[in-house]
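To keep things clear, I will list the structure first and then write my remarks on it.
Scope of the values below: all heavy atoms of this structure, side chains included, with no hydrogens, waters or symmetry mates. Note that the structure is predicted; figures quoted are calculated from it, not measured. Index from 1, following the sequence.
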Amino acid sequence: MLRKMNHSFLTLVSGLLIMTLLQGCGLFGNKGTASEKLNRRGEVTGVPKRAGWQQSLPFEMVPVKAGTFWMGQADEDIGVSRASTNKQVTISEFFMDKYEVSNNKYRQFLDAVRMGELALGTPTTQANPPEFVLEELLPDTTIWSQSFTHHYGDPLMEYYFDHPAFDDYPVVGVSWDQAKKFCEWKSYHMNANDESEFDMPKFRLPLEAEWEYASKGGKDIAKFPWGGPYLKNRRGCLMANFKPGRGNYIDDGFAYTAPVDAFAPNGYGLYNMAGNVSEWVEDAYNPAANSLIWDMNPTYMDSTESRKVVRGGSWKDVGYFLETSSRNFEYQFVQTAHIGFRTTMTYIGRSGSMSSNSNKRSRR
């Protein structure tokens, strides 16, 4: 009796296995997915197996959702420059670095170039790894002594970029061109070391309009990133790292730069959008740019203009340059002790679907 039951069970299992295999070969009426069936009937359904990709939030970036705001001066134009007239514009969603690029993150870039690690990692849709010359990427550490007349900057010249005590301080002494190279490397580093079939959008410098929109922290008209019109809070503490008075640099707690996570973030969770170091943005400088740019994702591009916009003010600037609307410039090849940068990434998709939780990229 037991032998008959075992024989019947084996027969049933064998039958089910054969039916499964035959169905996989397209027999018994199963001729593939609905899309494949429609394609065989001459319908157009699109290339299969491309769904499932999503853009996740990269490490230490924050999502900035799309919106409309008044770009331009948020207070009196004390310099009567008329270089920041008001204009209502719309900005698409994007990701932005929570912090200014630190010495240690820039050092990782240099180490990758020095060690020849650019070609390592999983296959990527980028055709070739970027090519860099190490000597052209090094920050100029002499700026601590040379940027200021009769200033003893030798300790910073020796230690600021190389010593671990300053790892979390913003990198300085980098030009606009070097900041662009960092973005190029960061894009390749992310995509070449990920298993996804499709690349994430490239990292880049923020557009000037994106930078100003993000600096306001979700407020339509904000003189400073924290929203209020004053440089101190209710307790009398300074809200950023800058020069609060003639010859006075220390009242905010730092004589020079501060760590990238110092002071409170704005409404988007972005740190040091005012003070600490000024930041390179993508745009070329034109005092009349606001009257020339479009009102949707505006940017002023001019490859023949070597002056590039810097925003946010720095540790050596007075309060006026910390205003969200203050515009300044520097030549793209200049390296200084007060200009750094942060990166952004275009978001692909609807703003409502932006991920603010996952730091892992979806894999296929």
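A donor-acceptor distance shorter than 3.5 angstrom exists from the side chain of Ser187 to the backbone of Phe203, with no hydrogens or angles considered. With Asn276 contributing its side chain and Asn272 its backbone, the two residues share no donor-acceptor pair below 3.5 Å. Proximity of a side-chain donor or acceptor of Glu208 to a complementary backbone N or O of Ala284 within less than 3.5 Å is not detected. For the pair Glu43 (side chain) and Leu38 (backbone), a donor-acceptor distance under 3.5 Å is absent. Put simply, the side chain of Asn266 gets close to the backbone of Leu270: a donor and an acceptor are under 3.5 Å apart. The backbone N or O of Gly72 sits less than 3.5 Å from a side-chain atom of Glu212, completing a donor-acceptor pair. Panel note: side chain Lys105, backbone Val171; no donor-acceptor pair is recorded below 3.5 Å. Between the Asp97 side chain and the Thr343 main chain, a donor and an acceptor come within less than 3.5 Å of each other. Of the possible polar contacts, none joining the Trp211 side chain to the Thr324 backbone as a donor-acceptor pair under 3.5 Å is found. Here the side chain of Ser145 pairs no donor or acceptor atom with the backbone of Thr142 at under 3.5 angstrom.
The minimum heavy-atom distance between Met200 and Asn191, with the atom names listed, is N-OD1, 2.9 Å. The minimum heavy-atom distance linking Pro298 with Leu207 is given by the pair O-CD1, 4.1 Å. Here the closest heavy-atom approach between residue Ala209 and residue Ile91 is recorded as CB-CD1, 3.7 Å. Annotation for Val281 and Trp176: closest pair O-NE1, 2.9 Å, computed over non-hydrogen atoms. Nearest heavy atoms, Ala214 versus Met96: CB-SD, 3.6 Å. When every heavy atom of Asp317 is checked against every heavy atom of Ser278, the shortest pair comes out as OD2-OG, 3.8 Å.
Within the cation-pi definition used here (under 6.0 Å to the ring centroid, within 45° of the axis), Arg342 does not qualify as a partner of Tyr99. For the pair Arg307 and Phe329, the cation-pi criterion (under 6.0 Å, within 45° of the ring axis) is fulfilled.
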If you apply the rule salt bridge (Lys or Arg N to Asp or Glu O under 4.0 Å), what do you find for Asp167 with Arg107, and how did you get there? CA-CA 9 Å; Asp167 275 356; Arg107 189 179 298 109; 3.1 Å; yes
As a quick check of understanding, evaluate side chain to side chain donor-acceptor pair (under 3.5 Å) for Tyr331 and Ser175, giving each step before the final call. CA-CA 8 Å; Tyr331 291 92; Ser175 66; over 6 Å; no
Run the salt bridge (Lys or Arg N to Asp or Glu O under 4.0 Å) check on Glu323 and Arg311 step by step: do they pass? CA-CA 9 Å; Glu323 296 181 14; Arg311 286 300 207 112; over 6 Å; no
Show the numbers, then the answer: is there a side chain to side chain donor-acceptor pair (under 3.5 Å) between Asn297 and Ser92? CA-CA 7 Å; Asn297 291 328; Ser92 297; 2.9 Å; yes
Worked verdict on Thr68 versus Thr90 for side chain to side chain donor-acceptor pair (under 3.5 Å): CA-CA 4 Å; Thr68 300; Thr90 294; 2.9 Å; yes
Check against side-chain contact (heavy atoms from CB on, under 4.5 Å), Phe242 and Leu238: CA-CA 9 Å; Phe242 71 109; Leu238 292 168; 3.9 Å; yes
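Taking the centre of each ring, Trp144 and Tyr256 come in below the 6.0 Å mark. Ring centroids of Phe341 and Phe182 are separated by less than 6.0 Å, placing the two rings close together. Between Phe95 and Tyr347, the ring centre distance stays below 6.0 Å.
Under a hydrophobic-cluster definition in which Ile, Leu, Val, Met, Phe, Trp and Tyr are linked whenever side-chain heavy atoms come within less than 4.5 Å, directly or via other members, Met273 and Tyr268 are assigned to the same cluster. Linking ILVMFWY side-chain heavy atoms closer than 4.5 Å, directly or via other members, places Tyr169 and Val172 in a single hydrophobic cluster. Cluster membership for Val101 and Leu205, using ILVMFWY side-chain heavy atoms within less than 4.5 angstrom, is shared. Under the 4.5 Å side-chain heavy-atom criterion for ILVMFWY residues, no single connected hydrophobic cluster contains both Val174 and Tyr160.
Shown here is Lys181, whose NZ atom has no more than 12 heavy atoms of other residues, nucleotides or ligands within 6.0 Å. Heavy atoms of other residues, nucleotides or ligands lying less than 6.0 angstrom from CE of Met301 number more than 12. Sparse packing is recorded around OH of Tyr159, with 12 or fewer heavy atoms of other residues, nucleotides or ligands lying under 6.0 Å away. Within 6.0 Å of OH in Tyr230 there are 12 or fewer heavy atoms belonging to other residues, nucleotides or ligands.
Salt bridge Glu330/Lys308: absent, no basic N to carboxylate O contact under 4.0 Å. One finds no salt bridge joining Asp251 and Lys243 here, because no Lys/Arg side-chain nitrogen approaches an Asp/Glu carboxylate oxygen to under 4.0 Å. Salt bridge present: Asp111 and Arg114 bring a charged side-chain N and a carboxylate O closer than 4.0 Å. With respect to the salt-bridge test (charged N to carboxylate O, under 4.0 angstrom), the residues Lys202 and Glu184 do not qualify.
For the atom pair CG (Asn86) and CH2 (Trp70), the distance works out to 7.0 Å, reported to the nearest 0.5 Å. Note: Met71 CE to Ile221 CD1 = 14.0 Å, rounded to the nearest 0.5 Å. For the atom pair Lys316 NZ and Phe148 CZ, the distance stands at 6.5 Å (nearest 0.5 Å). Put simply, OG on Ser215 and CG on Leu322 are 10.5 Å apart, with the number rounded to the nearest 0.5 Å. Between the CD atom of Gln108 and the NZ atom of Lys186 there is a distance of 10.0 Å, given to the nearest 0.5 Å. Atoms CD1 and CD, on Ile143 and Gln335 in that order, are 8.0 Å from each other to the nearest 0.5 Å.
Gln146 places none of its side-chain heavy atoms less than 4.5 Å from the side chain of Met157. The closest side-chain heavy-atom distance from Pro130 to Phe132 is below 4.5 Å. At least one side-chain heavy atom of Ile250 sits less than 4.5 Å from a side-chain heavy atom of Asn248. For the pair Phe321 and Ser314, the minimum side-chain heavy-atom distance is 4.5 Å or more. Looking at Val277 and His338, their side chains never come closer than 4.5 Å, going by heavy atoms from C-beta outward. Residues Met61 and Pro58 have side chains in contact (heavy-atom distance under 4.5 Å, counting atoms from C-beta outward). When side chains are defined from C-beta on, Phe69 counts as touching Val89, because their heavy atoms get closer than 4.5 Å. Between Asp261 and Asp168 there is no side-chain heavy-atom pair separated by less than 4.5 Å.
Ring planes of His189 and Trp185: parallel class, angle under 30° (limits at 30 and 60°). Ring planes of Tyr106 and Phe161: perpendicular class, angle over 60° (limits at 30 and 60°). In this pair, Trp315 and Tyr249 present their aromatic rings tilted. The plane angle is within the 30 to 60° band. Classification of the Tyr213-Phe94 ring pair by plane angle, with boundaries at 30° and 60°, yields tilted.
A donor-acceptor pair shorter than 3.5 Å can be found between the side chains of Tyr300 and Asn286.
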